[in-house]
Number of protein chains: 2
Amino acid sequence: MDVRVSETAPLPKLATVQAAAPADDTHSSDACAVIRSILARTTDKWSILIVKSLGRGPHRFSELRRAIDGISQRMLTLTLRNLERDGLVLRTVTPTTPPRVDYELTTLGESLWTLTEAFGQWALSNRPEIEAARTRFDARLDANT
Amino acid sequence: MDVRVSETAPLPKLATVQAAAPADDTHSSDACAVIRSILARTTDKWSILIVKSLGRGPHRFSELRRAIDGISQRMLTLTLRNLERDGLVLRTVTPTTPPRVDYELTTLGESLWTLTEAFGQWALSNRPEIEAARTRFDARLDANT
DNA sequence: TGGTGCTGGTTACGATCAGGAACCGGAAAG
DNA sequence: CTTTCCGGTTCCTGATCGTAACCAGCACCA
C-alpha cells in the first residue's frame, strides 16, 4: 500500500523532455525513433548510476545524492522524474516530518537493472584495456602532429 | 591536421573526493569516475546504434550513415573516432580512388556488442509498457494542474 | 517569538556541448 | 571544366547541464 504522490508540489511540467518527434515518414524509422528515445533515456549517464544504486534496494533522495558522486540536486530530481515517468522507478512519499521520499525500482526497472549491472561489470573488467587503447591512440595522434 | 579531441574526451578530472565521505563503500569514487566516463561513452545514443550496426559486420562510412537513420555526418565521424580511441572499433583505410574506409568491431567491441544487443532487445520488448507508463504519468500530471 | 536546521525539491542563469548546414580536396566521369 | 562521389572538417546556434540560490513545512532551542 503506497502513499502515492497526490500532494506533492504542483509538479509543473518542468522537463520530462518530450521524446523525439514521431513525425517521421521513413518506413522502419518510427519504431526506430521510439526505441532510440527509450535507449537515450535508459542509457543516460545519470540514469544508469541511479538504477545501479537503486538495484541495491530503495533509497531516499538524499541517500542517492550522497551515493552518486558528482550528481547535482537538479539532475537527480530531473532524472528520477524521467525514470518515474517511464515506469522504471516508484516514488513513495511518507508524510512524516521531515517528509520522507523513497525511490525504488519497479519490476520493469529491475529488469533494466540486470542489464546496467552487466554494463557496469563490463566497464569494470575492460577498463585497463580501454585506458591502454586511449593512451595508444593519443600517443599516435601526438606523434603525427 | 590537428584534429585534436577538442570536443571529445572529457577524461574526468579525478573526482574531487569530498573527504569525510559517508561510509558508502560500494563506490570507490575514483574508479567510479573512470567507469562513468567509459559508460558515458559506450552508452551514448549514437555509439549504441553504431556498435549495433557494426555487429552485423564491417561497414563503410557512408553505409553507416545510411544505416543509422538521423545521424549527421559530423556525429558519425566524432562517435567513430571516440570508439576507435577506446579500442572498440578498428578503422581501415584503403587508398583506392575514391578512398575507402572500413569500420569494424574489435574483439573488445564485439563483447560490447552483445551487451548493446541485449539493451536493444530489452527496449524493443518493453516498449509498450514504457509507453503506457509515460501516458499514465502525463495524464496524472495534467490531472492536477 | 524568532532563529536555525533538516527535508526534498524548484528557479535563474551562465557555460558547455550536441548537432545541422555548409564547406573541403582529390580523382574520375561526363 | 564542371559535376559527382567519398570521407571528413569548420562554423554556428540552440538545447542541456551544472552551480548557486531560494522555498515551504516542521521540530528544536532559547
Side-chain angles (χ1 to χ4, degrees), chain A residues 3 5-21 36-37 40-41 43-47 49-50 58-82 84 89 91-103 141, chain B residues 1-13 15-16 18 36-37 40-41 43-50 58-84 89 91-103 141:
Chain A
V3 185
V5 57
S6 71
E7 275 191 10
T8 22
L11 269 190
K13 314 210 162 165
L14 186 67
T16 65
V17 186
Q18 292 302 345
R36 211 167 52 186
S37 94
R41 176 103 349 116
T43 65
D44 164 73
K45 170 174 137 189
W46 297 124
S47 298
L49 294 168
I50 289 178
H59 282 72
R60 304 183 55 174
F61 185 86
S62 41
E63 284 171 351
L64 284 173
R65 184 148 58 114
R66 261 175 273 119
I68 301 174
D69 179 63
I71 196 169
S72 68
Q73 210 165 5
R74 191 177 97 97
M75 288 318 292
L76 182 53
T77 308
L78 234 50
T79 310
L80 283 170
R81 201 72 86 223
N82 280 325
E84 190 195 356
V89 156
R91 178 175 183 268
T92 314
V93 181
T94 316
T96 56
T97 55
R100 175 197 179 93
V101 181
D102 286 282
Y103 291 91
L141 223 168
Chain B
M1 159 179 90
D2 187 21
V3 175
R4 251 30 260 234
V5 241
S6 54
E7 254 179 323
T8 66
L11 260 205
K13 48 233 175 142
T16 68
Q18 293 303 345
R36 210 167 55 187
S37 94
R41 176 102 346 117
T43 65
D44 164 75
K45 171 174 136 189
W46 298 125
S47 298
I48 288 187
L49 294 169
I50 289 177
H59 282 72
R60 305 182 55 174
F61 184 86
S62 40
E63 284 171 351
L64 285 173
R65 182 149 61 115
R66 261 174 271 121
I68 301 173
D69 179 62
I71 196 171
S72 69
Q73 217 164 1
R74 180 180 182 272
M75 288 319 293
L76 182 54
T77 307
L78 230 52
T79 311
L80 282 169
R81 201 72 86 223
N82 280 324
L83 291 173
E84 190 195 354
V89 156
R91 178 176 183 268
T92 316
V93 182
T94 316
T96 56
T97 54
R100 175 196 181 92
V101 182
D102 286 281
Y103 291 92
L141 219 167

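The chains referred to below are lettered A, B, ... by the order of the sequence lines, with proteins before strands, and numbering in each begins at 1. Keep in mind it's a predicted model, so treat the numbers as computed, not measured.
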Would a distance-only check, ignoring hydrogens and angles, find a side-chain to backbone donor-acceptor pair under 3.5 Å from A:T79 to A:W46?
no

Kindly say whether A:D69 contributes a backbone atom to a donor-acceptor pair with the side chain of B:R36 at under 3.5 angstrom?
yes

Donor-acceptor pair, side chain of B:T94 and main chain of B:T96, under 3.5 angstrom
no

Under 3.5 Å, is there any donor-acceptor pair linking the side chain of B:Q73 to the base of D:dG7?
yes

Considering every strand and a 4.0 Å limit on heavy-atom distances, what is the contact class for B:S62: base, sugar-phosphate, or nothing?
sugar-phosphate

Contact class for B:R65 vs. all strands (heavy atom < 4.0 Å): base, sugar-phosphate, or nothing?
nothing

Short side-chain N/O contact from A:R74 to OP1 or OP2 of C:dG9, under 4.0 Å
no

Between C:dG19 and B:K45, is there an OP1 or OP2 to side-chain N/O distance shorter than 4.0 Å?
yes

OP1 or OP2 of C:dG9 less than 4.0 angstrom from a side-chain nitrogen or oxygen of A:R91, does that happen here?
yes

Using OP1 and OP2 only, check whether a side-chain N or O of B:S72 sits under 4.0 Å from C:dG20.
yes

Kindly calculate the angle separating the two end axes of the helix from C:dT1-D:dA30 to C:dG30-D:dC1, each obtained from five base pairs, and round it to 10 degrees.
20°

OP1 or OP2 of C:dG19 sitting under 4.0 Å from any side-chain N/O of B:W46?
yes

Nearest-nucleotide 5' precedence on DNA chain D, B:R66 against A:P98
B:R66

